[in-house]
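We name chains A, B, ... by the order of the sequence lines, and we start the count at 1 in each one.
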Amino acid sequence: MPTSDILENLTDAQHEAVVHMDGPMLVVAGAGSGKTRVVTRRIAHLISKGVWPSQILAMTFTNKAAREMKERIGELTGAEPPRWVGTFHSACAKLLRRDLDKLSDDSRTGSFTIYDSGDQKSILKLCLKEFGVDTKSLSPAQAQTAISKAKVAMIDPDEYMPSAYFSSLRLDEVYAAYERRLREFNAVDFDDLLLLVVRLLESRPDVRDMYHGRFRHLLIDEYQDTNRIQYRLMKLLGGPAHNVHVTGDPDQSIYSWRGAEYRNIMEFTEDFPDARVVRLEQNYRSTQTILDVANELIEYNFDRISKELFTENPIGCPVGVIELPNGRHEALWVANRVQELYMDRKRLSDMAVFYRTNAQSRALEDAFIDAAIPYQVLGGLRFYERKEIKDMLAQLRIMVNPRDTISLERVVGSKPVGVGAKTFAKILDRAAANDLSPLELLQREDFSSLYGGRGGGKKVVGFADWCRGLAELPLDSVGDCVAEAVSYSGLVSLFESQGRSDPLSESRIDNLGALVDRAYEFARQRPDADLRLFLEEMALVADVDAHDPETDAVSLMTLHSSKGLEFPFVFIVGLESGLLPHRNSCETQEQLEEERRLLYVGLTRAKEEAVLLHVQVRSQWGRDDYTSPSPFLAELPEEGVERLDLSGGGAFDDW
DNA sequence: AAGACGGAGGTTTTT
DNA sequence: CCTCCGTCTT
């Protein structure tokens, strides 16, 4: 391996971080300071020094980050990247598939299903009903938020004290029931993936020692975004050698709403007094002007370690702050500017538009469509969130996990089998009485003699037959398996028959086809993997719309998903009170500071040009609201900022 | 059991 | 504005 390449073109600080071998290290890496470069080169360096790739565990927050890391390591080493480079959640899932059975007091097996937030809400609906809680006073979504908060803080149901607001609603019992249901269905939620690994490692020293022996080096990216479980995980996996290498930037902590405790990064040196600390403060990305403006903005945060990023890049042009009459004008202005840049021979893939909420993408998309500008939206509705895909995945899930009754219910609802809520409830009761899962009951019970083939019974018989046939489907090859399952589901012919009345049917059929394609592609990449792993991939990494920097299109995304990316030209829209900072995040100083960091993250994505836009009238839910500019705009310096008031119209009147 | 209709509400951000 | 839920009807 060409070790020389790995150590080439590094500053002293970067070099120190790259060649660090054993012991804890914290890399405080400002925006655009070459953090990814440091992490990937360090991994390549470790390997060049004889560390086996399989001894390295590197965890990121997003699939995007993991993918990029793998690619760059592959380029550096010219070999397959280490297998244990992935998100926290996928690494934990992988570990649990192997070893969950070793956790006592838990009836779940390695074939568990991973529930997304929709599935969680379905269970919670059951639980709320069970306790007669009125969903108007406590919605499944609220319960989910509250329970997830508790889980992330590692508070078990028996220790849980509902906040005063929920105290009358037996939320603690709902929480306990929710946990029981997950076990019953052999399912885990996103939080469990991490939580169960912590429980496993804490309760089984032998398992813990096994992993200590296995993972000699632990790397954690975006450490400022770790929550309490992830922190605990870091301590547990770090092993006696404390070969823990964490990187992050407190100024880019934007996930406290899901339990991230950015104090973790501030306190790393207290946890590991012998930790080496490296600061990367030179920015290689942005112009001096952009960086100065961003620095000035973030200075307004009280709770931070002072840090001044500098750059040797050119001064560049001023940051634009533009006021327009309404959202339509805003979108048109951006589209227009994009066209100007394009005429100036700039590439569309070098441009990005950021917004606070996904809902804002729509107006921009309309304008881009009208102007025939190619664009790609990141995030938004993901592939696996489409109804027909979820229906199909539900069927695949019950094929590998017969206890997954939430998915069974979905299967029942997705097809015109003639089994309604009442019949299904009967099946549930009967299953419980026989100590079987409902699917097992359906597959084993002789419904024809039970009902004597009368009336409604006939339909159950038909569905039971279908369930039995399900068990006959081949499970060996993932591609064939999914293809067979799709055809067995009857969904395609159902949509075909609906085709005349429903214009969506065609795209639904296409999507099911795409699912089959993905299964074959998955099988090609991972010949040894089974259906379980395919479903895991669909639950954890199903962002097919992932950002593709090769595509010649403008990128649209939330400020949150912009983290880690960079673009020569950046537009940030909706800089208004209520949107940024968002109206739901203005209560406390901490929330407000996080909103400011969000803008900071967006600004520091820009390499050459950044434009911030705000409007006087923002339409939301068909309602027009007068807005005031974001207070953050007033915090930007005079110098390096060019303010333009186009609210008087003129630019795009009569559009 | 399934389709139509009416009302309420509306995740900010993601694994 | 749109979507999701629940209820009412057939």
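At a threshold of 4.5 Å between non-hydrogen side-chain atoms, the residues A/R386 and A/M392 do not count as touching.
The CD-C1' distance, from A/Q252 to B/dT14, rounds to 17 Å in whole Å. Taking atom CG on A/D225 and atom P on B/dT14, their separation rounds to 12 Å, with Å as the unit. Between the CD atom of A/Q360 and the P atom of B/dT13 there is a distance of 9 Å, rounded to whole Å. Rounded to an integer number of Å, the gap from A/D191 CG to B/dT15 C1' is 9 Å. Distance A/Q591 CD to B/dT13 P: 15 Å, rounded to the nearest Å. Computed from coordinates, the A/K94 NZ to B/dT15 P distance equals 18 Å when rounded to whole Å. Put simply, CG on A/L378 is 14 Å from C1' on B/dT13, counting in whole angstrom units. Atom CZ in A/F61 sits about 14 Å away from atom C1' in B/dT13, given to the nearest Å.
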Distance-only donor-acceptor hits, side chain of residues 189-200 of chain A, under 3.5 Å, sequence neighbours excluded:
residue	atom	partner	partner atom	Å
A/D189	OD1	A/K151	NZ	3.3
A/D189	OD1	A/D191	N	3.1
A/D189	OD1	A/D192	N	2.7
A/D189	OD2	A/K151	NZ	2.8
A/D189	OD2	A/Y178	OH	2.7
A/D191	OD2	A/S148	OG	2.8
A/D192	OD1	A/K151	NZ	2.9
A/D192	OD2	A/K151	NZ	3.2
A/D192	OD2	A/D189	N	3.1
A/R199	NH2	A/D156	OD1	3.3

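In A/Q525, the CD atom is crowded: over 12 heavy atoms of neighbouring residues, nucleotides or ligands sit closer than 6.0 Å.
At a cut-off of 3.5 angstrom, the base of B/dT11 holds at least one donor-acceptor pair with the side chain of A/K121.
A/F522 is linked by a side chain to side chain contact (heavy atoms under 4.5 Å, CB included) to A/V478, A/R526, A/A529, A/L533, A/F534, A/E537, counting only residues two or more places apart in sequence or in another chain. Remark: A/S577 engages A/S628, A/P631 in a side chain to side chain contact (heavy atoms under 4.5 Å, CB included) (not counting sequence neighbours). For A/F354, there are no ring pair (Phe, Tyr, Trp, His ring centres under 6.0 Å) partners at least two apart in sequence or on another chain. Residues passing the ring pair (Phe, Tyr, Trp, His ring centres under 6.0 Å) test with A/F61 are A/F88, sequence neighbours excluded. Not counting sequence neighbours, the partners of A/S139 by the side chain to side chain contact (heavy atoms under 4.5 Å, CB included) test are A/A141, A/Q142. When the side chain to side chain contact (heavy atoms under 4.5 Å, CB included) test is applied to A/R596, the partners found at least two apart in sequence or on another chain are A/L297, A/Y300, A/N301, A/E593, A/F632, A/E635.
Phosphate contact (OP1/OP2 of B/dT13, side-chain N/O of A/N358, threshold under 4.0 Å): present. For B/dT13, neither phosphate oxygen OP1 nor OP2 lies less than 4.0 angstrom from any side-chain nitrogen or oxygen of A/S561.
Taking the six-membered ring for Trp and thresholds of 30 and 60 degrees, A/Y211 and A/W84 have ring planes more than 60 degrees apart, a perpendicular arrangement.
When each of A/S139 and A/R258 is assigned the nucleotide of DNA chain B bearing its nearest heavy atom, the one mapping closer to the 5' terminus is A/S139.
Within the nucleic acid shown, A/S117 comes within 4.0 Å of at least one base atom, counting heavy atoms only. Using a 4.0 Å heavy-atom distance criterion, A/Y255 is classed as a sugar-phosphate-only contact.
Between chain A and DNA chain C, the heavy-atom contact criterion of under 4.0 Å yields a 5' to 3' nucleotide range of C/dC1 to C/dC5.
For A/W257 and B/dT13, the ring-to-base geometry satisfies the stacking test (centroid distance below 5.5 Å, interplanar angle below 30°).
Across residues 573-587 of chain A, A/H582, A/N584, A/S585 each have a non-hydrogen atom less than 4.0 Å from an atom of DNA chain B (numbered order).
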